[in-house]
Amino acid sequence: MNHTSNHYRGAAFALALAIQGMSAAAAVPPPSVSAYQTMPDDARAVVVRGRGDGVADDSDAIQRAIDSAANKGLGGIVFLPSGRYRITRSLLVPIAVRIYGVGKTRPVLVLGPNTPGFQKGVANMLIFTGTDTYNIGGVAMPVPGAVPFDPVNKPVRDANSSTFYSALSNVDFEVGEGNPAASGVRMHTAQHSNLSHIDFRMGSGLAGVYQVGNIAYNLRFYGGRYGILAEKTSPAWQFTLLDSHFDGQRDAAIREHEAALTLGNTEIRNTPVGIEIDRGYGDWLWGQDVRFENVSKAALVISNENNVYTQVGFERVSARKVPVFARFRDSGKTLAGSGSDYRVSEFNHGLKVAQAGQPGAFDTRYTTAALPAQRKDLPVLRVLRALPASAEWANVRGFGAKGDGVSDDTAAIQKAIDSRRTVYLPLGIYVVNDTIRLKADTVLVGLHPGLTQLRLPNGSPLYQGTGAPRAVIESARGGDAVVTGIGINTGEVNDRAVGLLWRAGEKSLVDDIRFQWSAGADTDPYKKGPRFDTSAWWDRQHPNLWVTDGGGGTFTGVWAPAGHGQAGFYVNNTRTPGRVYELSAEHHVRNEIVLDGVENWEFHAPQTEEEVHDGADSVALDIRNSRNILLANFHAYRVTRSIKPAPTAVRITNSSGIRFRNVAVNAESGFPTCDENGCTTYLRASKYPYGNAITDVTNGLEVRERMFAVYDHSGAPAPAAVPAAVPATPAKVDKLHEGFYSIAGGAVDAGGRLYFIDRHFKRIFSYAAGEGLKTVSDAPFDPVNLAVDRSGKLMVLSSSGKDASVYTIDPSLPGAPATLIPSTPAAPRPGANVALPVNVWNNGEFKDQLNLDTYEFTTLDEMFAREVARPKAREYVSADGSLVLPAFRVTRHGSNDHLGYRWSDTLDAHGFVTAPVGQRAVFTNASRNLTYSALVGEGGALTDLVRVADRGGESAALGPDGKVYVTNGQVFIYDAQGTQLGRIDVPARPLQLVFGGPDRRTLFILTHHALYSTRI
């Protein structure tokens, strides 16, 4: 342990530490303060008409208002006036409905003592719900915590990855005695959802929030078993919590796993454990300016400590009366506090990449120093500024704005801004045809970015042609302007458009902003014809949000998916500090986030997503000519429907001092579905995540690790020799052929000849020494993976057909026809080889994994062992009976023809591994990044799992030398006891390994675009 204070710089940390002295015992919660003390003027908002006396049951009155605002899925706003509203069942909040408490005092949802239905398991007072995203017609996984719970007649559909805009603000929760299962809010939402200004007085209840999503701020949790209890979010990316407080939880302030929890300015007091990561799980956990006080057992409990999915990082932490800072559940190791009161300038645990071009290694860094005596004269720095009082909001309608989607409201909005400091936009579509210019201190407020939009019509005259960028909204230079709660729509046919051009200063704020896709309107100057192709206008505009010319400030909850812009979030030419929290930049053609000539910026929980077409070639983050940048809890995701390889998530050019803390680069996500086989959840996995996490363009280096906790980019060239715990094995790697789109599904015949598939071109190739590359088939059957029976014929798995298809071809006959193999009931096939996926994903998303009797979550290992051990009821058998392919369940999205998508463990895999029943096979668990050996049983069941490698990426293979070879950025070599022996470095990322050649000592290495080999 290195005790030092060298990492503490500037006044910000001193301010964060300077809090009022508090007693060790939990105090009576202070009263809450209403954030909206008057009701904003909005004719389209729905007002709750309940009793609000704390005695009458107001459940029906509140639900009627919520349902009225739902507006057939478009959503709306509900105002809940001051009062105490007793409820007796779960309130259900549909997609895009936002509830705001209004009045001199914050309204309270009250659960009276011993309310029926809130005694066992998890019982939610308020549930955010979702839509039928996948058009399955039913509810695949009804929310078990709905009160009443009626999964047959009234199933409640959980919020999901399409639950946008939903919010709850300025409403408190109070739980009476005798409700041990009570949870205040079940969130589980996606972008542009949030919780804010809420006190959870949970008493003997379970948790203030059960299941989380997107962002929350100014939450205060008092009592309860937990403040927050959570699994992975529905879109599988980060949850950010800002400016919040926990006090007096019985077990832990936060208990969670895989939620990608990101904390800023958060205080945890008077509880046994601060943050507990559940047994058998990891998390991408990040915190900055976090304060722990009187935490008796440990500030942090960390599980799965030596797994790439466990990434924990904290900066600028204070701890008072916290004897143990971190406890590692599996090893029992602890990191003790440095005295009674101490500060942690840096804590990082997980896979550390010390140098680009080299694999990572697990590492823990813990830097502490004594904490100065408390001072009482300085306030805590909040991340988000408070808005001016709602009584001061000037309604744009009073200046003539219509918000009807037709009238030009440019002049009226500008007049309002010129006349008043704080301007309010009620629900509406406000057409503008010129830049709205903010004053240095303007506060522009909306309450629903989906339904409160500034819209630029297609063909708006000032935005046409080639010329200087022209913004929809433009800040003044410097100042502390605020823009919050609105949508900005730049249209399609407006090449000069910038959504938001920001030059404001360090104290400015951009919050809860959505940059909208546009279909235009009939009244637009540009008249779209029947053959109009919106994709022809992608990447024609300037950025959605552009910070430049010394701009800075705080940016929270920004969603930038409008692919007509050149990037979602673009920052250049500034040294003014910037802080970004929960940014979602998606669907841009070339770049999602760009930093060019930028210094002193921090990004906390930035997330990018690339779609099949709008994003297929995009880079998640492009850093150029920049210094002193922090990227924390960064997730770069490519959708599971992706069909094209992409080289790298991050490009860095001529930059230094770039700190990466907690990085996840992935292309898998779960979904719930129902079909003729019943309802289930499935973890869809694409073969096309970004190939590398980072490319150092300047020095020609790559970071191939896709999951890591620490990487510091210095910008310097790699040293001549980098020491490694296990150095690369001297091996001659030969490139046999290149120019493929993306190859996979390799297998060898009895003579060692390799067969493999280039799916994009529907070609099956063979390769053998002396023969070279041959095309075996290009039949239009969408081949995915294959195996070879003992007669030499190929068994090919195709994604064609509702449940996929299997066919056979004779590779010795040029142009041989394909013959379909029907599935048959599984039966003993003595001596036959069983073909199984070489890599498997399984993590139980979209099905609550909490045991309602024990309050323990089913672990990843338990789920994995259970799923792979299940024999399949049907199978495909080769004509000679020597090869069996179990029929794994196929889940579908979209139509049953080639336009739809299909997933299964066998379709998602990079290839097959084969072994007869009773023998062992090696394969990877990609959800844990581990490699296992297992006993093959009837129906493809895998039992007696033995871990054989601490890495487990795209595939694994058992060599003729008895060693295990694993692809995970490079080829890693392990002995039978699971000890890493060496590494084979390959010029491109290896995806599948197949031993072939006449002596089976040629290791064929399949990458996306080339085929390599080496001799073992």
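Just so we're clear, the structure is a prediction, and the values are computed from it rather than from any experiment.
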- Task: Not counting sequence neighbours, list each pair that qualifies as a salt bridge (Lys or Arg N to Asp or Glu O under 4.0 Å) and has a residue in residues 144-167.
- Result: D158-R186
- Lys/Arg N to Asp/Glu carboxylate O, D512 vs R98, below 4.0 Å: yes
- Query: Does the distance from a Lys or Arg side-chain N to an Asp or Glu carboxylate O, for D278 and R255, drop under 4.0 Å?
  - Reply: yes
- Query: Are Y682 and D905 linked by a side-chain donor-acceptor pair shorter than 3.5 Å?
  - Reply: yes
- Note on the structure: Output for pair (F857 CZ, Q849 CD), nearest 0.5 Å, gives 9.0 Å
- Atom CZ of R870: over 12 foreign heavy atoms under 6.0 Å: yes
- Message: Less than 3.5 Å apart, any donor N or O on the side chain of R329 or S303 sitting next to an acceptor on the other?
- Response: yes
- Item | Summary of salt bridge (Lys or Arg N to Asp or Glu O under 4.0 Å) pairs that have at least one residue in residues 118-135, sequence neighbours excluded | K120-D853
- With no hydrogens and no angle check, do the side chains of H635 and Q607 hold a donor and an acceptor under 3.5 Å apart? no
- Message: By the side-chain hydrogen bond (donor to acceptor under 3.5 Å, both in side chains) test, which pairs, at least two apart or in different chains, include something from residues 122-131?
- Response: N124-S183
- Message: Regarding D199 and R220, does a basic nitrogen lie under 4.0 Å from an acidic carboxylate oxygen?
- Response: yes
- Task: Indicate yes or no: does R892 engage D803 in a salt bridge with an N to O separation below 4.0 Å.
- Result: yes
- Could you tell me how the ring of H893 sits relative to the ring of Y901: parallel (under 30°), tilted (30 to 60°) or perpendicular (over 60°)? tilted
